[in-house]
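Comments concern the structure below.
The residues of the chain are indexed from 1 along the displayed sequence. As a basis for the values below, the full set of heavy atoms in this structure was taken, side chains included, without hydrogen atoms, waters or symmetry mates.
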Amino acid sequence: MKESTCPAANERLARLLVAPSNTLRETMTVIDKGARGIAFVVDAQGTLLATLTDGDVRRGILAGVELDEPIERLLERKANSPYAAPLSA
């Protein structure tokens with residue numbers, strides 16, 4: 001994929017990135033401040049691993065995921081849920 005030449009676009013995207021080691025609370029802050037309802041989970045090289053939406057976070061909290069746990073736990077739950085893959089049109 002070609003890297004964007006628009007610094008503003010790169011900056012907006014960077015605000016939506018989280019690592020698997022981020023806590024659920026930190027990820028909720030990123031989703032809230034980003035005002036897009038989503039966070040992108042990336043590894044140390046910037047490779048996209050997953051997406052987390054405000055709905056994923058809500059389902060995780062209702063299932064007992066603690067706010068100070070790493071989002072890796074939420075990603076494990078998501079992988080085994082009916083919501084693991086996006087719905088197609």
*Is there a side-chain contact (heavy atoms from CB on, under 4.5 Å) between F40 and L13 once you walk through the steps?*
CA-CA 9 Å; F40 299 101; L13 178 61; 4.0 Å; yes

Considering all heavy atoms of both residues, which atom of [X] and which atom of [Y] are nearest to each other, and what is their separation?
X   : Y   : result
P20 : L49 : CG-CD1, 3.7 Å
S21 : P70 : O-CB, 3.9 Å
R73 : E66 : NH1-N, 4.3 Å

*Please name the residue in the list L17, V18, L74 that meets the side chain to side chain contact (heavy atoms under 4.5 Å, CB included) test with V41.*
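The passing option is V18.
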
*Roughly how far, to the nearest 0.5 Å, is CG of D54 from CZ of R59?*
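Between atom CZ of R59 and atom CG of D54 there are 9.0 Å.
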
*side-chain contact (heavy atoms from CB on, under 4.5 Å) between T23 and I71, worked out*: CA-CA 5 Å; T23 66; I71 58 173; over 6 Å; no

*asked:* Please tell me whether T29 and D32 have a donor and an acceptor in their side chains that are separated by less than 3.5 angstrom.
replied: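 Per modelled atom types, T29 and D32 side chains form no pair under 3.5 Å.
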
Within one Ile-Leu-Val-Met-Phe-Trp-Tyr cluster: [X] and [Y], side-chain cutoff 4.5 Å:
X   : Y   : answer
L48 : I38 : yes
V30 : L75 : yes
I61 : V65 : yes
L16 : V42 : yes

*Do M28 and L67 come close enough that some side-chain heavy atom pair is under 4.5 Å?*
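Side-chain contact under 4.5 Å: yes.
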
*Within 6.0 angstrom of R36 CZ, more than 12 heavy atoms from elsewhere*: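 At most 12 heavy atoms, drawn from other residues, nucleotides or ligands, come within 6.0 Å of this atom.
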
_Side-chain (D43) to main-chain (T47) donor-acceptor, under 3.5 angstrom_ =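 Indeed, once roles are kept as given, a pair shorter than 3.5 Å links the two residues.
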
